[in-house]
There are 2 protein chains.
Amino acid sequence: MPSLRRVVLERLMRYYRFLSESGAKKPPQTITSAQIAEALDIDPTQVRKDFSTIGLLGIGRVGFEVCEVCRAIRFTLGFDQRHEAVLVGTGHLGSALLAYSGFARYGLHIVAAFDKDPRRVGTKVAGCTVKSMRSLKPFVRRHGVRLAILTTPVDVSQKLADRLVSAGVKAIWNFTPTRVTAPPEVLVRDEHISLGLSEIAYHLTHETEHPSTPHVRAS
Amino acid sequence: MPSLRRVVLERLMRYYRFLSESGAKKPPQTITSAQIAEALDIDPTQVRKDFSTIGLLGIGRVGFEVCEVCRAIRFTLGFDQRHEAVLVGTGHLGSALLAYSGFARYGLHIVAAFDKDPRRVGTKVAGCTVKSMRSLKPFVRRHGVRLAILTTPVDVSQKLADRLVSAGVKAIWNFTPTRVTAPPEVLVRDEHISLGLSEIAYHLTHETEHPSTPHVRAS
DNA sequence: TAGATTGTTAATCGATTAACAATC
DNA sequence: TAGATTGTTAATCGATTAACAATC
């Protein structure tokens, strides 16, 4: 299977969230691409194409089996695998992520938290004991952790990333406002809140000028 | 000026962050599109095209004046305006956003926080007194607030959005994992963390299979 | 069977990149 | 002036949408 583009992965996630949630309420056995498209504001052809990309075949005149779709997406995105992560920076955002219980259903488990502040080291955040930065690299090595979540305040991001990469992580989920680079084989996903802000601020500023601007949904 | 696409707005934000940060250290008067492109991993032509879109002209053989670029981006994205926002939901993530001091430089000011939990109402979070949900609509109306930040746990998002829209907000910044819809003139920007997770989980799952996959940077 | 829905190819659309004359 | 850099048009690339025969 060729490697999937980011836009496709994100749509797969949206399908999965929609189907697994609505399935929880009242399980419909099957669903058509048109119904999914309607709910998520996506073109029905796009839905069928995405499904076909991950090897899902529908049934003519009927649609797709919800369970089968969910299973295929879980398989493709690797939700049934166990992904262990370390989190660095136990400020507000770090605590929020530690406390978030929704990750487990996607196979993500934060196994340790680290902080530079000695007053925080040893305390518990969301049931997770905060470790000192000194123990970061050995921990990652010893446990073979492949994902690091960066929620440090500022400016130390790149150095931290370098250390993590040399310790062996294969992906960095960067919530700091600083850009981070890594070798090609290490995925860096930036979640800069300021990117969202650009769209918000622009809209609020120009909203009165262009009342008829067609609505473009984010995400 | 025609309305700018999301990708353009996000690139403008990245230019702005880079130029205003690097300018803080050691102010170079001018910078070339190639230098910006190099730093941000963007095509130099793209940089020039974006600048030309917002009416910025460079100087042949020299490049662009950093201050002028920053000013033009600030003007276009509306950072010099004052944007007031209410925040709904003072859990971990809500607190993190309230405590984040970086918004002000983009003109964003969170003027009030609201929570359903009576035990939280009246307490202070990051210097902001938490108000009851009953007072949300009147507050938005009275102060003419145009942006709402949603950091509630789950499932109440759509109802809340409807109330906020009827109270007059023009944009919703949605950090909840639930999809929210609004009339065309109201911008909804979703910051679903799970979308990022799709890319992370996929990479971690398939990383060993495709060691030679070209590196695509996020953000 | 008839008709709704799929799977896929072709057409369109938009965004990115290349090329290059104009400019300082 | 010579040469580096811009601004813009044209070419490419990729993603989305339309069309429609195949299918259940």
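Here is how names work: the chains are called A, B, and so on, in the same order as the sequence lines, proteins then strands, and each is numbered from 1.
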Side-chain donor-acceptor pair under 3.5 Å between K137(A) and S166(A), yes or no?
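S166(A) and K137(A) do have a side-chain donor-acceptor pair below 3.5 Å.
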Side chains of R74(B) and S20(B): do they bring a donor and an acceptor to under 3.5 Å?
no
Only one of V86(B), L108(B), I172(B), V169(B) passes side-chain contact (heavy atoms from CB on, under 4.5 Å) with L147(B); say which it is.
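The option that passes is L108(B).
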Residues in salt bridge (charged side-chain N to carboxylate O under 4.0 Å, His left out) with R82(B), at least two apart?
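For R82(B), the residues satisfying salt bridge (charged side-chain N to carboxylate O under 4.0 Å, His left out) (neighbours in sequence not counted) are E84(B).
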Separation of dA4(C) atom C1' from I31(A) atom CD1, nearest Å, is 16 Å
On the 0 to 90° scale, with breaks at 30° and 60°, tag the H206(B)-Y202(B) ring pair as parallel, tilted or perpendicular.
tilted
Using only side-chain N and O atoms of T32(B), determine if any of them is under 4.0 Å from OP1 or OP2 of dT5(D).
no
S52(A) side chain N/O closer than 4.0 Å to the phosphate oxygens (OP1, OP2) of dT8(C)?
yes
Electrostatic pair E10(B):R189(B) at N-O distance under 4.0 angstrom
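Counted as a salt bridge, because a side-chain N and a carboxylate O are separated by less than 4.0 Å.
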With the sugar-phosphate defined as primed atoms, P, OP1 and OP2, and the base as all remaining atoms, what B/S/- string results for nucleotides 11-24 of chain C, 5' to 3', for protein heavy atoms under 4.0 Å?
----SBBBB----B
Write out the stems for DNA chain C, ordered by first number and formatted as range with range, counting runs of at least 3 consecutive Watson-Crick or G-U wobble pairs under 3.5 Å.
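Paired runs of 3+ in DNA chain C: C:3-24 with D:3-24.
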For a quick check of understanding: with a heavy-atom distance under 4.0 Å over all strands, which category does F51(A) fall into, base, sugar-phosphate or nothing?
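Here F51(A) touches no strand at all.
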Residues R179(A), H192(A); criterion side chain to side chain donor-acceptor pair (under 3.5 Å); working and verdict
CA-CA 9 Å; R179(A) 194 179 134 85; H192(A) 291 189; over 6 Å; no
Side-chain donor or acceptor of H83(A) paired with backbone N/O of G78(A) under 3.5 Å
yes
